[in-house]
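A short worksheet on the structure shown next.
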Amino acid sequence: MKIKHLVSGIALSMGASVLSISAMAADTIKVGVLHSLSGTMAISETTLKDTVLMMVEEQNKKGGLLGKQLEAVVVDPASNWPLFAEKTRELMTKDQVDVIFGCWTSVSRKSALPVLEELNGLMFYPVQYEGEESSKNVFYTGAAPNQQAIPAVDYLMNDLGVKRWVLAGTDYVYPRTTNKILEAYLKAKGVAAEDIMINYTPFGHSDWQSIVSDIKSFGSAGKKTAVVSTINGDANVPFYKELGNQGISSEDIPVVAFSVGEEELSGLDTKPLVGHLAAWNYFQSVESDANDAFISQWKAFTGNPDRVTNDPMEATYIGFKMWTQAVEKAGTTDVDAVEQAMIGQETENLTGGMAYMNKNHHLSKPVLIGEIQDDGQFEVVWETEGVVPGDAWSDFLPGSKDLIADWTAPISCGNYNTVTKTCSGQNY
Amino acid sequence: MRYINAICACLLGLLISTSVLAASPSEAQQPLLLELTEVKLNKALPVLQQLETTEGADMLALFKTMLNGDLYYEKETRRLIAALKEQSVTRYSDLFSGEVLSDLSKKQVRKIKVNNKLRGYLGEAIARMQLNHPDSAVRKDAVRSLFSDLGSNTITLIRDARLKEQSRSVQEAMDVALALYRARHAEEATDRLQAIKDLEGSLEPEVRNQLTQLAENDPSRSVRKAAQTGLDKIDQQAEMYGFINQLFFGLSLGSVLLLAAIGLAITFGVMGVINMAHGEMIMLGAYTTYVVQLMLPNMIEYSLWIAVPLAFMVSGLAGILIERLVIRHLHGRPLETLLATFGISLILQQMVRTVFSPLNRQVATPDWMSGSIEINPLLSLTLNRLYIVAFALLVFMILLIVLKKTSLGLNVRAVSQNRDMAKAMGIRTDRVDAMTFGLGSGIAGIAGVALSQLTNVGPNLGQAYIIDSFMVVVFGGVGNLWGTLVAAFTLGVANKFIEPVTGAVLASILVLVFIILFIQKRPKGLFPQKGRAAE
């Protein structure tokens with residue numbers, strides 16, 4: 001809260017602000033927060049901004065970092081993808097932040113990436129994404145496809161005996177890439193092409209009648225059918241409603257979703273969703289001491305006892321913890337030193353066990369499958385044994401099969417081809 | 001219907017389980033019940049299976065409560081209790097004695113968890129127990145839900161029940177089940193042939209699957225042939241019902257378009273104001289529904305009927321306000337009007353974000369609008385869509401009557417046809433303008449109530465419909481309500497018939513391209529105004 005007062009004080013007295021900023025720059029470490037606070041993505045991203053602020057506050061209570069206080073610099077890229085690049089530049093050049101926590105959609109990350117690499121910045125990206133990327137300047141603390149989609153499919157195949165697959169998604173890069181990986185994976189597992197149905201819908205699609213009816217007839221062919229949903233955001237509610245109305249229950253055709261979490265469920269009537277599944281690395285309902293502490297801290301920070309926690313929040317939490325550890329290990333906030341110190345960092349997952357930062361800038365995390373309950377929480381029905389290391393380049397796509405990312409010497413490359421033994425030269 | 005029945009049956013079961021004294025469990029059942037409270041989720045299935053077959057008290061209440069996720073146990077005594085949730089209060093009662101346990105708090109009980117596997121099993125077990133239910137509709141649903149799992153135990157149960165069955169429709173369902181079993185397991189080809197004959201006329205998906213299997217894999221040629229003939233017949237029917245289904249989807253999409261566009265047909269069509277804030281009027285109506293449900297949490301069933309007039313007033317007043325404060329001053333300057341109303345739409349969106357939060361709000365669907373009417377296994381119409389088609393037409397009729405038969409309507413038509421002449425005749429045109437804009441906005445508010453049942457209630461609700469609305473009005477012909485009606489249903493049906501072929505993304509693009517081409521040819525839309533009014 002102190003910082004907020006400070007910031008508003010600065011805003012009030014413009015003259016004094018120049019002085020105070022330069023004065024503070026000397027003895028604070030600046031943490032940039034690049035999350036949309038307005039526009040369509042504000043729904044999801046505001047939560048992450050608050051999470052970072054909470055972590056900063058907590059760290060300052062513990063005495064800061066390297067003997068300095070942390071100072072959060074919040075900017076609003078307003079769900080406007082090109083603005084993410086501008087705001088990144090502003091944070092790096094004007095505010096001179098030492099680290100950035102930010103972005104939600106892949107397109108916003110792709111927009112900020114060239115700026116980060118040009119100015120040699122450091123960003124933590126906390127959302128599950130389609131993979132096929134590894135930048136020296138970004139740490140990916142959300143799930144890669146092999147930490148979410150593939151285990152979910154394994155669960156459906158092995159535990160529920162699913163034989164026919166509907167891959168339904170919103171029409172943009174994350175679902176398209178994920179479905180491409182899943183399709184290749186399913187075919188490798190011996191699923192015939194006629195047992196896979198792929199369907200894309202526009203953003204915010206609300207008329208699901210014919211698609212659900214197609215799914216219904218696709219699923220009545222006598223083989224157990226499941227829907228793997230990469231449907232994004234708003235469009236989920238009418239989709240689940242239509243499933244309920246057309247009499248498709250989770251026992252008949254379960255839907256496993258990769259974009260539906262506690263936060264999304266808190267805004268809707270969960271009746272038609274009960275029993276459907278979601279795959280994440282974190283659920284609020286998981287019982288552990290660390291998680292209980294985190295939840296009560298979050299509720300106290302937001303002053304709202306009904307606020308829920310979700311997977312990208314845990315990813316932000318882990319990223320922030322690891323960053324502080326790496327800064328302490330490196331003894332400086334210098335990007336290159338911190339980047340090297342990050343690799344190999346370990347910190348406690350909120351769901352138990354340890355998260356580990358790999359050489360490819362992706363985390364090793366456990367994968368959980370949960371069933372939606374009527375109170376908007378998830379009941380864990382399956383989890384991986386131990387942690388799964390995040391894979392930057394999918395093993396199931398022909399173009400990226402041979403690629404690996406390794407940011408330690410001697411390779412130091414985000415897309416190293418293990419066959420030709422070359423780094424393709426691109427930075428990501 | 002099947003779905004509704006299932007819900008009714010479950011509710012009924014709950015009532016029975018909590019009010020009527022059930023027999024207490026036998027000695028053989030006691031340890032199993034205890035085990036149920038201790039066992040892990042993935043080990044619960046065998047316990048339940050044993051419970052189903054062990055002699056003693058009827059386990060129907062237990063299974064139903066568990067299927068609904070209302071089964072709890074007292075931590076201390078480990079006795080099973082049923083939870084009855086009424087709004088925010090949860091009451092507990094002993095599962096077997098029905099005794100209400102008012103002093104139990106949430107902390108003293110723990111929920112017995114269920115997952116999909118258990119739900120699937122519970123559904124079937126309940127169906128097996130309900131083969132002798134007094135209500136024939138319940139019996140029929142029970143038989144039908146067993147089609148997918150016809151083991152020898154189940155078949156014996158159905159066979160026994162068939163002997164006692166009186167109701168014609170339940171008998172038919174049971175015969176299908178028995179024939180399905182014979183078609184799958186009979187040794188002799190003649191028996192299988194007979195079974196295929198018995199299955200004729202049934203449209204159940206399981207029958208179709210069974211016939212497909214026989215047609216492909218049966219060792220006997222005559223069986224394969226008979227199965228193929230049966231299959232062809234079913235496919236023929238499926239094609240016809242598929243067509244009807246798509247037509248219904250199209251009409252229902254059309255009715256949504258009609259609802260969204262009809263208010264605009266008045267403000268844009270009749271008054272000529274390009275109102276970019278039209279979508280936000282819809283949004284206000286949807287939020288009114290949310291507020292009504294928030295204020296009257298006990299009256300969800302009636303909330304929509306209360307919300308309709310309220311939404312009309314809220315959006316109507318907002319419309320009148322916008323007209324008085326902004327649009328009036330920009331009369332005859334369409335470009336400025338467009339920009340100003342666009343600004344208003346942004347202001348309204350941000351206002352909603354500030355007042356209600358940027359998150360989507362939850363609007364509950366009343367029970368009478370959930371589920372579907374099943375006409376046959378291949379064709380079922382979802383209730384919410386049916387109601388909305390009817391509602392859209394009703395709104396359209398009322399609006400038509402208002403415009404044709406009331407003095408306001410007369411004034412509106414007069415002003416829109418010739419403003420100066422109307423003025424000269426003593427019509428207060430500025431007042432009529434405000435009323436017309438209010439009427440158009442109010443109708444948009446009503447549309448918002450209907451849309452709150454189909455889509456998300458959030459700050460972006462209006463934006464999703466504004467383009468569609470303009471599309472419909474322009475396509476139908478500006479200033480013509482019938483044109484709007486025809487255009488809405490044409491676009492809806494066209495969209496739904498293209499969608500299965502091209503996918504949803506391409507379908508909406510194709511519709512847009514079609515409209516662009518159409519407007520090139522006929523700039524005034526389907527039904528252009530003729531005569532003096534057109535000038």
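If you're wondering where the values come from, they're calculated on a predicted model, not measured in any experiment. Naming: A, B, ... by sequence-line order, numbering from 1 per chain. Only this structure's heavy atoms are used, side chains among them; waters, hydrogens and symmetry mates stay out.
- Here the closest heavy-atom approach between residue A:Pro238 and residue B:Asn456 is recorded as CD-ND2, 3.8 Å.
- In this structure, A:Ser213 OG and B:Asn245 CG are separated by 5.0 Å, a value rounded to the nearest 0.5 Å.
- The stretch residues 207-217 of chain B places B:Asn209 near chain A, each with some heavy atom under 4.5 Å from a heavy atom of that chain.
- If you tally non-hydrogen atom pairs under 4.5 Å between each of A:Ser44, A:Ser220, A:Ser210 and chain B, the highest count goes to A:Ser210.
- When heavy atoms are compared at a cutoff of 4.5 Å, B:Tyr465 approaches chain A solely by way of its side chain, counted from C-beta outward.
- Ranking B:Leu381, B:Asn115, B:Thr455 against chain A, the residue ahead of the rest is B:Asn115, based on heavy-atom pairs under 4.5 Å.
- Of the N and O atoms on the side chains of B:Asn116 and A:Ser250, at least one donor lies less than 3.5 Å from an acceptor on the other residue.
- In this structure, B:Arg184 places its CZ atom where more than 12 heavy-atom neighbours from other residues, nucleotides or ligands lie under 6.0 Å away.
- If you measure heavy-atom distances from B:Val114 to chain A, the contacts under 4.5 Å come from the backbone alone.
- Taking the side-chain contact (heavy atoms from CB on, under 4.5 Å) definition, one finds that B:Glu206 meets it with B:Phe147, B:Ser148, B:Leu180, B:Glu204, sequence neighbours left out.
- Open room surrounds NZ on A:Lys163; 12 or fewer heavy atoms of other groups in view lie less than 6.0 Å from it.
- A distance of 8.0 Å separates NZ in A:Lys241 from CG in B:Asn384, rounded to the nearest 0.5 Å.
- A distance of 9.0 Å separates OG in A:Ser206 from CG in B:Leu461, rounded to the nearest 0.5 Å.
- Within a 6.0 Å sphere centred on CG of B:Leu346, heavy atoms belonging to other residues, nucleotides or ligands number more than 12.
- For A:Lys216, the part lying near chain B is the side chain, with the backbone staying farther off; criterion is any non-hydrogen pair under 4.5 Å.
- Summarising the geometry, atom CG belonging to B:Leu378 is positioned 9.5 Å from atom OG belonging to A:Ser217; distances are rounded to the nearest 0.5 Å.
- With sequence neighbours left out, A:Glu379 forms a side-chain hydrogen bond (donor to acceptor under 3.5 Å, both in side chains) with B:Lys113.
- No hydrogens or angles considered: a donor-acceptor pair under 3.5 Å links the side chains of B:Ser252 and A:Gln209.
- Interface residue A:Ile211: backbone and side-chain heavy atoms are both found under 4.5 Å from chain B.
- Among B:Asn460, B:Leu253, B:Val256, the residue with the largest count of heavy-atom pairs under 4.5 Å with chain A is B:Leu253.
- At least one donor-acceptor pair under 3.5 Å links the side chain of B:Ser372 to the backbone N or O of A:Asn245.
- Residues passing the salt bridge (Lys or Arg N to Asp or Glu O under 4.0 Å) test with B:Lys496 are A:Asp207, B:Glu499, sequence neighbours excluded.
- If you measure heavy-atom distances from A:Asp252 to chain B, you find no contacts under 4.5 Å at all.
- Both the backbone and the side chain of A:Pro202 come within contact range of chain B, each with at least one heavy atom under 4.5 Å from a heavy atom of that chain.
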Inset, instruction - Please assess B:Arg119 against A:Glu371 for the test salt bridge (Lys or Arg N to Asp or Glu O under 4.0 Å), listing each intermediate value before the final yes or no. - result: CA-CA 12 Å; B:Arg119 277 193 208 100; A:Glu371 263 182 27; 3.4 Å; yes
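- When side chains are defined from C-beta on, B:Lys111 counts as touching A:Gln373, because their heavy atoms get closer than 4.5 Å.
- Look at B:Arg385 and A:Glu242 and you find a salt bridge, because one of the NZ, NE, NH1 or NH2 atoms lies within 4.0 Å of a carboxylate O, short of that distance.
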